[in-house]
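In what follows, a single structure is set out as structure tokens and then discussed.
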Amino acid sequence: MIDNLHIVVLAAGRGTRMVSDRPKVLAPLGEWPLLRHVVATAQTLGAAEIHVVCGFGADQIRTALGYLQVNWIEQPRQLGTGDAVAAAMTAVPDDARVLVLYGDVPLVRPQTLSRLVSASAPDSLGLLSVDLEEPAGYGRIVRDAYGQVATIIEDKDLSVEQRGIREVNTGVITAPAQPLRRWLAGLSDDNAQGEYLLTDCIAMAVADGTPVVADHAASVAETQGINDRRDLARAERTYQQRKTEQLLQSGVTLRDPDRVQVRGDVTVGRDVLIDVDVVLEGDITLGDGVHIEPGCIIRHAVLGAGSRVMAHSVLENARLAADCQVGPFARVRPGTELGHRATIGNFVETKNATIGASSKINHLSYVGDARIGKGVNVGAGVITCNYDGANKHVTTIGDDAFIGSDTQLVAPVEVGAGATIGAGTTLTKTAPPNKLSLSRAELVVVDNWHRPSKT
């Protein structure tokens, strides 16, 4: 941890090549916008303050990410990276160490940045470099005979010999605040871009005799900026590879890591198995021995040990106790809680429902705003009629009740413990415990009736 570290995150660019009405830094990567990834990484470094410089779409950015604990700074006109950092420096004390990051470079690792800052002496400028197989278009780092950084030369200004240099500047730099402020004040916009460029500070540092230290990033992916949708797709693939690698290292069996999407934080027990085409979003806990079959989507859920989610099921904001079974083709909506060994079968939908231990809703039913006890059997086609067009009402079913197929439970209504509801019943009042309740219309047979025929 570096004392008095101030981090400046540049997030003012429009991102024209994204072909979007929103700022580039709000494009999604995994579960978060790009900018949130960068800020989350910055927060791990123990900075005294994080400054985010916005420009295009500043209101959109602050609306979407206003909850972040950062100092928001607006760059009225986008005059280049140097101008953006200068805008933030008004809030940075002279005795601070400054680290400059980019809101569209989301995959840089905390350990890479920590190493960069630590490798730079208090009076030196540090920059993050990377070796590229095809460095065309990037500014090259030119070193002297002692291996020290001498300057950075833009691609168009390289000599024939210099074009063989593969080490390039990523734009991530760290420097003491006071000289950085001086270098920024001396920047010129006399260049092809007509902008004040932060990279020009490196030549000024060399001219001042300030040591310049270049530290290599461990991988190219860490330093990859997002300029268009193809870059975003490549970054998503890298991000997913990191996420699935974490699961594999935690002991999870992934049938095919390339066909699992992780868009959140997943906590796992032992011997978890996840099949193909599964999407995991938000905060998820998977207990020991959990098995998720193909095609499932799980958001913000807790799955108890031994539970199984069968193919093509969707769970959201739900909690499953141990040894539950859900699906296939089930939809478990927010507020659902399953007790030990409870079962939600195929084409069943639940919402805001507490379902007791060993209770079963096996197929083709809707159970919403319900409190179901232990050992209850809910037959096929049962509906809790919980909505009267204005308000929601609760259905309560006692332990060991049996709800026959094609029953409508018109809430608010209660079924007593041990009660049986006959198939086809429309229940509008309390069914007493341990008794049979049913409603059946008398069968009418019409003689001399003929089925209509086409004319």
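Sparse packing is recorded around CD of E134, with 12 or fewer heavy atoms of other residues, nucleotides or ligands lying under 6.0 Å away. In the displayed structure, R229 atom CZ is contacted under 6.0 Å by more than 12 heavy atoms of other residues, nucleotides or ligands. In the displayed structure, R237 atom CZ is contacted under 6.0 Å by more than 12 heavy atoms of other residues, nucleotides or ligands. More than 12 heavy atoms of other residues, nucleotides or ligands sit less than 6.0 Å from atom CG of N71.
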Original post:
So K24 and D104, salt bridge (charged side-chain N to carboxylate O under 4.0 Å, His left out) or not? Walk me through it.
Top reply: CA-CA 7 Å; K24 176 171 59 173; D104 62 353; 2.7 Å; yes

Original post:
Would Q249 and E245 satisfy side chain to side chain donor-acceptor pair (under 3.5 Å), going step by step from the backbone distance to the final call?
Top reply: CA-CA 6 Å; Q249 290 177 354; E245 183 63 27; 3.2 Å; yes

Original post:
Can you check salt bridge (charged side-chain N to carboxylate O under 4.0 Å, His left out) on D369 and K351, steps first, answer last?
Top reply: CA-CA 6 Å; D369 297 293; K351 179 193 72 69; 3.1 Å; yes

**OP:** Before giving the answer on side chain to side chain donor-acceptor pair (under 3.5 Å), spell out for Q325 and T343 the whole-Å C-alpha distance, their side-chain angles and the decisive distance to 0.1 Å.
**Re:** CA-CA 5 Å; Q325 181 170 301; T343 300; 5.6 Å; no

Original post:
Yes or no on side chain to side chain contact (heavy atoms under 4.5 Å, CB included) for T350 and V348, after CA distance, side-chain angles and deciding distance?
Top reply: CA-CA 7 Å; T350 64; V348 170; 4.1 Å; yes

Original post:
Please walk me through it: do T174 and L116 pass side chain to side chain contact (heavy atoms under 4.5 Å, CB included)?
Top reply: CA-CA 8 Å; T174 178; L116 171 66; 4.0 Å; yes

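Residues L26 and L65 are in side-chain contact: their nearest non-hydrogen atoms beyond the backbone lie under 4.5 Å apart. A heavy-atom distance below 4.5 Å is not found between the side chains of V314 and I298. Side-chain atoms of V172 and Y102, non-hydrogen and from C-beta on, do get closer than 4.5 Å to each other. For the pair V326 and L320, the minimum side-chain heavy-atom distance is below 4.5 Å. Side-chain contact check for V8 versus V53: some heavy-atom pair is nearer than 4.5 Å. When side chains are defined from C-beta on, I61 does not count as touching V52, because their heavy atoms never get closer than 4.5 Å. Between C385 and L409 the shortest side-chain heavy-atom distance does not fall below 4.5 Å. Looking at heavy atoms from C-beta onward, L127 lies out of side-chain contact with T199 at the 4.5 angstrom threshold.
Considering OG of S439 and CD of Q408, their distance stands at 8.0 Å, rounded to 0.5 Å. The structure places CG of L438 at 11.0 Å from OG1 of T426, a figure rounded to the nearest 0.5 Å. Note that CG of L254 and CD1 of I292 are 10.0 Å apart. Values are rounded to the nearest 0.5 Å.
E236 and Q240 share a side-chain donor-acceptor pair at under 3.5 Å. Residues E337 and T354 bring no donor and acceptor atom of their side chains to less than 3.5 Å of each other. Y67 and R62 form no side-chain donor-acceptor contact under 3.5 Å, judged by distance and modelled atom types alone. For the residue pair T396/E414, the side-chain donor-acceptor check at 3.5 Å is not satisfied.
Residue pairs meeting the side chain to side chain donor-acceptor pair (under 3.5 Å) criterion with at least one partner in residues 306-320, sequence neighbours excluded, are H291-R308, E293-R308. Sorted by first then second residue, the salt bridge (charged side-chain N to carboxylate O under 4.0 Å, His left out) pairs that include residues 89-103, not counting sequence neighbours, are D94-R181.
Salt bridge D277/R259: present, at least one basic N to carboxylate O contact under 4.0 Å.
Residues Y239 and H37 bring their aromatic ring centres within 6.0 Å.
With sequence neighbours left out, the side-chain contact (heavy atoms from CB on, under 4.5 Å) criterion links D275 to R255, P294.
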